[in-house]
Colleague: 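This is the structure, below, for whatever I ask next.
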Amino acid sequence: MSDKTDMIKVENLDKTFTLHLRGGIALPVLRNTGFSVASGECVTLHGPSGAGKSTLLRSIYGNYRPQSGRILIRHDGEMVDIVHAQPRVVLEIRKRTLGYVTQFLRVIPRVPTLDIVAEPLLARGAGLDASRARAAELLTRLQIAEKMWDLPPATFSGGEQQRINIARGFCADYPILLLDEPTASLDEANRKIVINLIDDARRRGTAIVAIVHDADTRAAITTRLLPLQSQGVAA
Amino acid sequence: MSVQQNYRTGATLAGYNFAFLDEQTKRMLRRAILKAVAIPGYQVPFGSREMPLPYGWGTGGMQVTAAVIGSKDVLKVIDQGADDTTNAVSIRRFFVRMTNVATTEKTRAATLIQTRHRVPEIPLSEGQILVYQVPIPEPLRWLEPRETETRKMHALSEYGVMHVKLYEDIAQHGHISTAYDYPVVVNGRYLMRCSPIPKFDTPKLNMNPALQLFGAGREKRIYAVPPYTEVKPLDFEDHPFEVERWPESCALCGAGDSFLDEVILDDKGSRMFVCSDTDYCGERREAGHTGRMSAPYKAEAAE
Amino acid sequence: MTNLDQTPLLSVEALNKSFGRQAACRDVSFELWPGEVLGIVGESGSGKSTLLNAIAGRLSVDSGKVLYRTGGNDIIDLAAASEAQRRHLMRTEWGFVQQHARDGLRMTFSAGANIGERLMALGQKHYGSLRDTALDWLQAVEIAPDRIDDLPRTFSGGMQQRLQIARNLVTRPRIVLMDEPTGGLDVSVQARLLDLIRRLVQEHNVACIVVTHDLGVARLLAHRLMVMRRGQVVEAGLTDQLLDDPQHAYTQLLVSSVLSV
């Protein structure tokens, strides 16, 4: 990949968890990890449980704080190190550049489904109507019945909540998407829809980093596999 | 420098200084009064003395009167507008015994008027002094219980909360229902309590040619409105200040422009309305005005 | 970052405050940016509320600066500002939401009067427009308009708290300080209040400092957190960083002590 299109660049990343409540034992998870992701790529992290796939993904999102190394994110045409960026810069990057889809929806009390999905687009400055229209389009595509749009998703099923989360993640067309088990609890039909969504985004140039356990889905979306081992050393 | 006794003391009660208070106390009071005059509406603390009357009977007004009275003064004392009520009579007699000054019931003839709860109907003129007896000097008292805080509020002109009180009046009653002791701003600066005079009297404070002094004995505060000072009642643009109007006129003198007292005549509910200002009423009747229940003027006497 | 403000709204520098020999705030420094919600968490006695009161000028500080950029773009050190200036700011550009509504409301005055007070203090003297404003704000905080003339003591705890918020926001403050705004409320009432605060803070782009011992509240409201212990900031960072990847032993203890965040 040529350097110009690099969207993520991870360099010499070390991440150790120190558990102070258990006598300060240290659990090294990432050591000297490095790789980059270009636009239009879907890199899938692959390795056994405990290899640090989620840790790496969360570090890229700025959710976990590595001890050393850099994670450069292309934001507004510049490479910004999210490990050392000011909190408000991290928020700004998340608002406009970096999307993150987990299997768990963090439900906000009383906010209706449509607005939860539209929120990222709204936050980027799109109008309310445009944001809601885009949200409606995604919810329709993900087969969430229209009668549910006005309800807060707190009482929805796991699969429904996950699809709402995916809709939210794809609503704003982030240049970079981080996907943590996006299809985990979906049925076959919905999984196909999500795979198509991911593929569409990648074709538009979105750089994607994903964790996917299901081999079929992985095969369907991945353009490059990144193996991680325990105390992950990247290939 | 020794204190000079400049007054004719011959006829006052033996053993007492002119006007009861000793000269140093009067000087202290006069300093407080001067400061009050210099800062219109500002409450000046002073060392309130024990007077031979209980607190609440006008000891603040009496101390102010004692501090400013001279042997040539002509004193008028009124209580609720009347010269002949117990409180007025007692205070007037006290000053006669302590100063031997001339007294009058005529507003026009008085140089010094001590009052409780009214401003005379007849306009005052330059050179006259009106002394108000004040029970509670602090206008913010019921809105902010802390004295330290109310002082700060005065210092910083933070008077918004007083409007909150008036807002509440309108919200609950449809109009500003504060009927006496109406809050005013003096000289565009200090929020002031007018003592419990009816709202009807409030406009009389504004640009009055007389000097108006306020004394609160129990609360140990003196404040003043110098002659020709702006006294502005607080109000809202869409609920401007207005005085009460009533359809009745004085049953004795027929006045339709004075503050009226309601008098119950029997146990069947008959009643009459009469001027609360006895001097004003008498002057009108002397001039031939009559009301619904007029009796011949000369037959009128204090109960 | 091109479109981010270059100067913070509030910048606290090396703030110290002791009560006798007991240090309540030790060398606390932080910045607050426009529209940002900063949560201060820690157990009771950790100095959270002292810090909040010191920032608001309700407590004098022993040393340190509280630099505030006013609407007129002047930088004022609130720790050294005149009381007149400070009090003026507190009722115009700042707001303070108390844990107990009775400390932040005038309980003997109606809801409408409570909302209108700050405006009247600024010299608004039109009863009709004060009332219109009060009605708008009642609606914004989800209180029925026909309650406008009712006393706050006839309101539920959640309503009182919402009224307090309206009373503060009516002058469109740039910073609102909140001391345990949801403390003592039922969980369902809390959720509604939190949602309302979230929405209003976003709509009016107001910066907030929220003191809370409830990490759930912090997660929902705050962009950024500071963890305080014994008067010191032991850890600070993005809310999700701090709660998902706590570094300091005390933060780990706090996070692990919560049933579920």
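Here the structure is a predicted model, which means the values were calculated and not measured. Chain letters run A, B, ... following the sequence lines, proteins first and then strands; every chain starts at 1.
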Colleague: For I148(C), is it the side chain, the backbone, both, or neither that has a heavy atom closer than 4.5 Å to a heavy atom of chain B?
Modeller: side chain
Colleague: Could you walk me through whether V161(B) and R106(C) pass side-chain contact (heavy atoms from CB on, under 4.5 Å), step by step?
Modeller: CA-CA 10 Å; V161(B) 66; R106(C) 287 193 184 274; 3.3 Å; yes
Colleague: For the candidates S129(C), A121(C), A113(C), G128(C), which exhibits the highest count of non-hydrogen atom pairs separated by less than 4.5 Å from chain B?
Modeller: A113(C)
Colleague: Are more than 12 heavy atoms, taken from residues, nucleotides or ligands other than R153(C), located less than 6.0 Å from that residue's CZ atom?
Modeller: no
Colleague: Report the C-alpha separation of Q172(B) and S110(C) in whole Å, then their side-chain angles, then the decisive distance to 0.1 Å, and conclude whether the side-chain hydrogen bond (donor to acceptor under 3.5 Å, both in side chains) test is met.
Modeller: CA-CA 9 Å; Q172(B) 306 295 340; S110(C) 66; 4.6 Å; no
Colleague: I need the minimum non-hydrogen distance between F236(B) and Y127(C), along with the two atoms involved.
Modeller: CD2-N, 3.8 Å
Colleague: Can you tell which of M162(B), E168(B), K152(B), H163(B) has the highest number of heavy-atom pairs within less than 4.5 Å of chain C?
Modeller: E168(B)
Colleague: Hey, is CD on Q139(C) packed in by over 12 heavy atoms from elsewhere, all under 6.0 Å?
Modeller: no
Colleague: Looking at L156(B), V164(B), L143(B), which has the largest count of heavy-atom pairs under 4.5 Å with chain C?
Modeller: V164(B)
Colleague: Where on H239(B) is there a heavy atom nearer than 4.5 Å to chain C: the side chain, the backbone, both, or neither?
Modeller: side chain
Colleague: More than 12 heavy atoms of other residues, nucleotides or ligands under 6.0 Å from OH of Y228(B): is that the case?
Modeller: yes
Colleague: For D238(B) versus K125(C), what's the shortest heavy-atom pair and its separation?
Modeller: OD1-O, 4.2 Å
Colleague: Test R118(C) against E158(B) for salt bridge (Lys or Arg N to Asp or Glu O under 4.0 Å), laying out the working first.
Modeller: CA-CA 10 Å; R118(C) 280 165 74 113; E158(B) 286 182 8; over 6 Å; no
Colleague: Walk me through whether R131(C) and Y167(B) qualify under side-chain contact (heavy atoms from CB on, under 4.5 Å).
Modeller: CA-CA 9 Å; R131(C) 217 163 158 79; Y167(B) 169 98; 3.0 Å; yes
Colleague: Check each atom of I115(C) against the heavy atoms of chain B and say whether the ones under 4.5 Å are side chain, backbone, both or neither.
Modeller: neither
Colleague: Looking at E83(C) and R151(B), does any basic side-chain N land under 4.0 Å from a carboxylate oxygen?
Modeller: no
Colleague: So does E147(B) have more than 12 non-hydrogen atoms from other groups sitting under 6.0 Å from CD?
Modeller: yes
Colleague: For residues K165(B) and F109(C), report the shortest heavy-atom separation together with the two atoms involved.
Modeller: CA-CE2, 3.8 Å
Colleague: Within a reach of under 6.0 Å around NZ of K232(B), are more than 12 heavy atoms found that belong to other residues, nucleotides or ligands?
Modeller: no
Colleague: Name the region of Y159(B), side chain, backbone, both or neither, that has any atom closer than 4.5 Å to a heavy atom of chain C.
Modeller: neither
